Visitor: 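Handing you a structure now.
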Amino acid sequence: MQKLNDVAETLLGMPYAALDQRTKKVVRHIAGRKHIARNTNSAPDEKITRGQRAADAVAHFGGSWTFIGIFAAIMVGWVVLNSFILAGYRFDGYPYILLNLFLSMLASIQAPIILMSQNRHAEKDRIDAGHDYEVNLKAELEIMLLHEKLDALRQDQWNELLTMQKEQLALLSSLTRSAQDS
């Protein structure tokens, strides 16, 4: 627990207990040197009900060019059948009231089903966004750790350089003194 507190204090400037759950998870992964990234698309969809699968299928088909093509063909067929082929007996003549009724019923059924599918996908997107936040936070904190290590290395190198320079100056002044003495 002390290691988690040290990591949280060093990187985030606050105690581990004061962090939210996502940030605590990231700090645990940093302290344990574990990966946090995972493929959220490969997570098993065990919780999907039959109704949700049906809503996804309807939304998938309803948003396809196949649906648009079939829908356009049926509408053109309806208009041709009622306006030209059945010239004497039109069961739905112009302005196509029955066709309007069918289209309204289709829209009133299809729209909520598509919304159900979109809501489920929006929830999945929220989970993905949360995971992205965790990965980004961990990457940011790891970069901060790397910067601290590089700064420490650079400071050590500067100290070593200064020490070497002092030794060289001492050697140079002893050489100049011995040259003056001779």
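Excluded from the calculations below are hydrogen atoms, water molecules and symmetry mates; all remaining heavy atoms, backbone and side chain alike, are included. The structure displayed is predicted, hence computed values, not measured ones. Residue numbers run from 1 in the order of the sequence given.
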Visitor: Picking from Thr10, Val7, Val26, what satisfies side chain to side chain contact (heavy atoms under 4.5 Å, CB included) with Leu141?
Guide: Val26
Visitor: Can you check whether Tyr16's main-chain N or O pairs, donor with acceptor, with Asn5's side chain at less than 3.5 Å?
Guide: yes
Visitor: How many angstroms lie between CG in Leu86 and CZ in Phe91, if you round to the nearest 0.5 Å?
Guide: 6.5 Å
Visitor: For His29, give me all partners under side chain to side chain donor-acceptor pair (under 3.5 Å), at least two apart in sequence or on another chain.
Guide: none
Visitor: Evaluate the side chain to side chain contact (heavy atoms under 4.5 Å, CB included) criterion for residues Ile70 and Phe61: first the C-alpha distance (whole Å), next the side-chain angles of each, then the deciding distance (0.1 Å), finally the verdict.
Guide: CA-CA 11 Å; Ile70 292 171; Phe61 179 70; 4.1 Å; yes
Visitor: Holding to ring-ring contact (aromatic ring centres under 6.0 Å, His included), I want the full list of residues that pass it with Tyr133, two or more places apart in sequence or in another chain.
Guide: none
Visitor: Quick test of your reading: applying salt bridge (Lys or Arg N to Asp or Glu O under 4.0 Å), list the pairs with at least one residue in residues 131-145, sequence neighbours left out, ordered by first then second residue.
Guide: Arg22-Glu134, Lys25-Glu134, Arg33-Glu142, Lys138-Glu142
Visitor: Measuring from atom CG of Leu101 to atom CG of Leu106, what distance do you get when rounded to the nearest 0.5 angstrom?
Guide: 11.0 Å
Visitor: When rounded to the nearest 0.5 angstrom, what distance separates CZ in Arg28 from NZ in Lys3?
Guide: 14.0 Å
Visitor: Provide the closest heavy-atom pair for Leu4 versus Ala31 in the form atom of the first, atom of the second, distance.
Guide: CD2-CB, 3.6 Å
Visitor: Between Met14 and Glu9, does a side chain to side chain contact (heavy atoms under 4.5 Å, CB included) hold up when you go through it step by step?
Guide: CA-CA 5 Å; Met14 52 186 7; Glu9 285 285 344; 5.6 Å; no
Visitor: Are Met164 and Leu172 linked, directly or through other ILVMFWY residues, by side chains that come within less than 4.5 angstrom of each other?
Guide: no
Visitor: Can you find a side-chain donor-acceptor pair between Gln2 and Asp6 that sits under 3.5 Å?
Guide: yes
Visitor: Ring centres under 6.0 Å, that's the criterion: do Trp65 and Phe71 meet it?
Guide: no
Visitor: Do the side-chain N and O atoms of Ser178 and Asp181 include a donor-acceptor pair separated by under 3.5 angstrom?
Guide: no
Visitor: When clusters are formed by joining ILVMFWY residues with side-chain heavy atoms under 4.5 Å apart, either directly or through shared neighbours, do Leu11 and Leu146 land in the same one?
Guide: no
Visitor: Counting N and O atoms only, with roles assigned by atom type, does the side chain of Asp92 sit under 3.5 Å from a partner on the main chain of Ile97, one being a donor and the other an acceptor?
Guide: yes
Visitor: For a side chain to side chain contact (heavy atoms under 4.5 Å, CB included) check, start with the C-alpha distance between Leu103 and Met75, then their side-chain angles and the critical distance, and finish with the verdict.
Guide: CA-CA 10 Å; Leu103 293 176; Met75 299 237 332; 3.8 Å; yes
Visitor: Show which side-chain atoms of residues 108-118 pair as donor or acceptor with protein atoms under 3.5 Å away, not counting sequence neighbours.
Guide:
from   : atom 1 : to     : atom 2 : distance (Å)
Ser108 : OG     : Ser104 : O      : 3.2
Ser108 : OG     : Met105 : O      : 2.9
Ser117 : OG     : Asp56  : OD1    : 2.7

Visitor: Step through the shown structure and confirm whether more than 12 heavy atoms of other residues, nucleotides or ligands are within 6.0 Å of NE2 on His121.
Guide: yes
Visitor: When hydrophobic residues are tied together by side-chain contacts of less than 4.5 Å, even through go-betweens, does Ile143 share a cluster with Leu145?
Guide: no
Visitor: Sequence neighbours left out, what passes ring-ring contact (aromatic ring centres under 6.0 Å, His included) with Tyr94? Give chain and number order.
Guide: Tyr96
Visitor: Donor-acceptor pair, Ser174 side chain versus Leu171 backbone, under 3.5 Å?
Guide: yes
Visitor: Honestly curious: do Phe102 and Val58 fall in one hydrophobic cluster under the side-chain, below-4.5 Å linking rule?
Guide: no
Visitor: Hey, could you give me each pair passing salt bridge (Lys or Arg N to Asp or Glu O under 4.0 Å) that has a residue in residues 150-164? Not counting sequence neighbours.
Guide: Asp151-Arg154
Visitor: Going hydrophobic residue to hydrophobic residue with side-chain gaps under 4.5 angstrom, can you get from Ile85 over to Leu98?
Guide: yes
Visitor: Output the distance between atom NZ (Lys166) and atom CG (Leu161), rounded to the nearest 0.5 Å.
Guide: 12.0 Å
Visitor: Step by step, work out the side chain to side chain contact (heavy atoms under 4.5 Å, CB included) result for Val27 and Leu12.
Guide: CA-CA 9 Å; Val27 169; Leu12 300 169; 4.0 Å; yes
Visitor: Do Arg177 and Ser173 make a side-chain contact, defined as non-hydrogen atoms from C-beta onward lying under 4.5 Å apart?
Guide: yes
Visitor: Between CG of Leu81 and CD1 of Ile74, what distance do you get to the nearest 0.5 Å?
Guide: 12.5 Å
